[in-house]
Amino acid sequence: MKRSVYQSILRSKKKGKKLFSVLVDPDKFSSGVIREAHKARVNFIFIGGSKIKKWKFHRCVSVIRKLTNIPLVIFPGSREQVSEKADAILLLSLISGRNPDYLIGEHIQAARQLKRSGLEIIPTGYILIGGGKNISTQAITRTSPIKSKDNNLAVSTAIAGELLGMKLIYLEAGSGTNTPLNRSLVKEVRKNISVPVIAGGGIDTAEKAVALCRLGADMIVVGNAIEKDTTLVHKIVKAIHSMI
Ligand code: 1GP
């Protein structure tokens with residue numbers, strides 16, 4: 001029987017153990033990233049992207065499956081990114097935005113396939129925090145992010161997500177952004193909800209990853225910076241896994 005991804009996130013949170021996931025964009029796929037992630041024993045491999053073709057996504061899932069047994073979690077950019085070969089999927093609802101397609105529409109389109117897939121489904125409140133280079137996510141979803149300094153709105157949004165039954169809150173600064181998450185915002189969100197908090201977007205050093213964990217993030221997700229320098233995966237794993 002497969003081990004539950006969500007239960008393992010909860011167990012880690014309970015023990016104060018921080019988690020680290022590498023995000024793979026099938027458009028920029030390199031088996032070298034997976035090999036290093038496997039050697040470093042990252043906790044999860046996330047896969048997804050906002051512009052990728054369906055066939056590329058499925059091919060990439062199959063290749064990753066052959067290269068590692070690290071749990072593979074879909075971080076879907078669209079309803080086409082569903083594969084029963086993965087272990088779990090973050091069922092993202094873009095709760096910072098007001099576009100019905102990304103709040104519920106895409107989910108309806110994918111619902112039957114998701115149910116048949118046997119995937120572990122993890123409802124996730126996805127909150128875009130602005131101020132940085134969020135342009136592609138904003139353009140695709142046609143939504144505005146929450147302003148970087150609007151802690152109040154970010155906290156209320158996260159609380160609403162939790163009250164709606166979402167099991168994770170993902171604070172997203174934007175892929176490749178040079179404007180990181182506002183530290184006090186992360187801290188306040190953490191203080192006001194009980195479900196695990198994921199932080200991602202523009203993290204490119206072990207120090208930044210550790211700082212976000214100290215502020216209360218339970219999991220860090222890094223994509224771009226590891227594609228550029230695969231040695232970073234070892235540095236972040238070492239730094240995060242030695243924290244308690
Ligand atoms: C993007 O949070 C992820 O959706 C990761 O961002 O690629 O900037 O690490 P980066």
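Indexing begins at 1, ligand by ligand and atom by atom, following the structure's order. Counting begins at 1 with the first residue of the sequence. All values derive from a computational prediction rather than experimental measurement.
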Show me a pair-per-line table, with atom names and distances to 0.1 Å, of protein N or O atoms that are under 3.5 Å from an N or O of ligand 1.
unit_1   : atom_1 : unit_2 : atom_2 : d
ligand 1 : 2 (O)  : Tyr170 : OH     : 2.9
ligand 1 : 2 (O)  : Glu172 : OE1    : 3.0
ligand 1 : 2 (O)  : Glu172 : OE2    : 3.1
ligand 1 : 2 (O)  : Gly201 : N      : 3.2
ligand 1 : 4 (O)  : Glu172 : OE1    : 2.5
ligand 1 : 7 (O)  : Ser175 : OG     : 3.4
ligand 1 : 7 (O)  : Asn224 : N      : 2.9
ligand 1 : 7 (O)  : Asn224 : ND2    : 2.6
ligand 1 : 8 (O)  : Gly176 : N      : 2.6
ligand 1 : 8 (O)  : Gly202 : N      : 2.8
ligand 1 : 9 (O)  : Gly223 : N      : 2.8

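The existence of a salt bridge linking Lys56 and Asp27 is confirmed by a sub-4.0 Å separation between a basic side-chain nitrogen and an acidic carboxylate oxygen.
No side-chain donor-acceptor contact under 3.5 Å links Glu36 to the backbone of Gly32.
Remark: Lys167 is positioned above the aromatic ring of Tyr6, its terminal NZ or CZ atom under 6.0 angstrom from the ring centre and at most 45 degrees off the axis.
Evaluation of the salt bridge (Lys or Arg N to Asp or Glu O under 4.0 Å) rule for Arg98 yields no partner, not counting sequence neighbours.
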What side-chain donor-acceptor pairs closer than 3.5 Å can you find for residues 214-228, not counting sequence neighbours?
unit_1 : atom_1 : unit_2 : atom_2 : d
Asp218 : OD2    : Arg190 : NH1    : 2.5
Asp218 : OD2    : Val197 : N      : 2.8
Asn224 : OD1    : Lys28  : NZ     : 3.2
Asn224 : ND2    : Ser175 : OG     : 2.9

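Summarising the hydrophobic clusters (Ile, Leu, Val, Met, Phe, Trp, Tyr; side-chain heavy atoms under 4.5 Å, direct or chained), the residues clustered with Ile104 are Ile108.
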